[in-house]
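This report concerns only the one structure given below.
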Amino acid sequence: MNELLEGVNRSLSFVLSSQEYVELKPGPRWDLDIRYASTNNFVGTDMYGVFNRAFLHRISAEMLTQASNHLAAAHPGFKFLIYDALRPRSIQRVLWNHVVGTPGEQYIGNPDRGSMHNFGFAVDLTVVDAEGSILDMGAGFDDFRDIA
């Protein structure tokens with residue numbers, strides 16, 4: 001567990017010192033529910049610890065802002081709910097270790113290659129309507145079925 005905490009702390013220090021990453025803060029276009037910083041995930045453990053914030057590469061953050069502007073224009077009052085964004089590689093290994101050798105393996109990137117999350121180019125999200133209800137997307141977060 002110490003190794004995991006060290007990896008998370010190194011990742012947070014790197015991201016905070018880099019101009020390539022943008023922190024996503026709750027506001028009128030999105031809210032946060034960082035699932036790997038809670039027990040509400042398929043592993044059932046808070047793996048993020050101090051990395052309980054959402055970051056994206058600046059290019060991805062610009063694209064997310066554009067998408068949120070389109071959503072707000074098309075559906076006033078709607079916004080995104082962000083479940084995960086930049087993910088430390090040490091966490092990627094934990095997730096991988098839980099699915100390797102199972103059908104869920106196809107949904108988690110091998111940490112030796114990394115996933116788009118590890119570079120800040122992926123975001124897991126859903127849409128919330130003007131009343132604050134999560135829209136039905138056909139599958140929930142961490143759903144390893146084909147429908148997802």
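Note that the numbering runs from 1 along the sequence shown for the chain. Basis for what follows: all heavy atoms, side chains included, without hydrogens, waters or symmetry-related copies.
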Run the salt-bridge test on D142 and R35 with the 4.0 Å N-O cut-off and return the result as yes or no.
-> no
Is there a donor-acceptor contact under 3.5 Å from the side chain of T45 to the main chain of T39?
-> no
Heavy atoms of G109 and S115 approach each other most closely as CA-CB, 4.3 Å
Is the ring centre of Y21 less than 6.0 Å from the ring centre of F55?
-> no
Less than 4.5 Å apart, any side-chain heavy atom of V128 and any of F80?
-> no
Could you tell me whether the side chain of N41 reaches within less than 4.5 Å of the side chain of Y83, counting heavy atoms only?
-> no
Shortest non-hydrogen pair, G138 vs R145, comes out as O-NH2, 3.7 Å
Side chains of D124 and H117: closer than 4.5 Å at any heavy-atom pair?
-> yes
Rounded to the nearest 0.5 Å, what separation is found between the CG atom of D136 and the OG1 atom of T126?
-> 8.5 Å
Nearest non-hydrogen partners of L12 and V50, listed with the distance = CD2-O, 3.6 Å
So how far is it from L24 CG to L125 CG, rounded to the nearest 0.5 Å?
-> 10.0 Å
Of the options V127, I134, L32, which is the one that meets L81 in a side-chain contact (heavy atoms from CB on, under 4.5 Å)?
-> I134
Hey, any chance F14 and M116 share a hydrophobic cluster, counting ILVMFWY side chains that come within less than 4.5 Å of each other, even indirectly?
-> no
Give a yes or no on whether I59 and L56 share a hydrophobic cluster (residues Ile, Leu, Val, Met, Phe, Trp, Tyr; joining criterion: side-chain heavy atoms under 4.5 Å apart).
-> no
Student check: side-chain heavy atoms of H57 and L86 closer than 4.5 Å | no
Taking all non-hydrogen atoms of both residues into account, name the closest pair between V100 and N97 and its distance.
-> CG1-O, 4.0 Å
Flag the pair Y36 / F141 as yes when their ring centroid distance falls below 6.0 Å, and as no otherwise.
-> yes
Side chains of Y48 and D84: is there a donor and an acceptor less than 3.5 Å apart?
-> yes
Gap between atom CE of M47 and atom CD of Q92 - 0.5 Å precision = 10.0 Å
In Å and rounded to the nearest 0.5 Å, what is the CZ to NZ distance from R53 to K25?
-> 7.0 Å
If two hydrophobic side chains count as joined below 4.5 Å and joins carry through other members, does M63 share a cluster with F121?
-> yes
Kindly determine whether F119 and R89 satisfy side-chain contact (heavy atoms from CB on, under 4.5 Å), including the steps that lead there.
-> CA-CA 9 Å; F119 301 100; R89 187 81 58 118; 3.4 Å; yes
Does the pair R93/D112 count as a salt bridge with the N-to-O cut at 4.0 Å?
-> yes
Can you tell if the side chain of F144 reaches within under 4.5 Å of the side chain of P103, non-hydrogen atoms only?
-> no
Main-chain N/O of R10 paired to S13 side chain as donor or acceptor, under 3.5 Å | no
Determine the minimum heavy-atom distance between A148 and D143, stating which atoms define it.
-> CB-O, 3.3 Å
OG-CG distance between S38 and N52, expressed to the nearest 0.5 angstrom = 10.5 Å
Looking at CD1 of I108 and CZ of F42, how far apart are the two atoms once the value is rounded to the nearest 0.5 Å?
-> 4.5 Å
Mind listing the closest non-hydrogen atom pair of G27 and K79 along with its distance?
-> O-NZ, 3.0 Å
Could you check F51 against R87 for side-chain contact (heavy atoms from CB on, under 4.5 Å), going step by step and ending with a plain yes or no?
-> CA-CA 9 Å; F51 203 99; R87 181 184 305 144; over 6 Å; no
Side-chain heavy-atom pair N110, R113 within 4.5 angstrom cut-off = yes
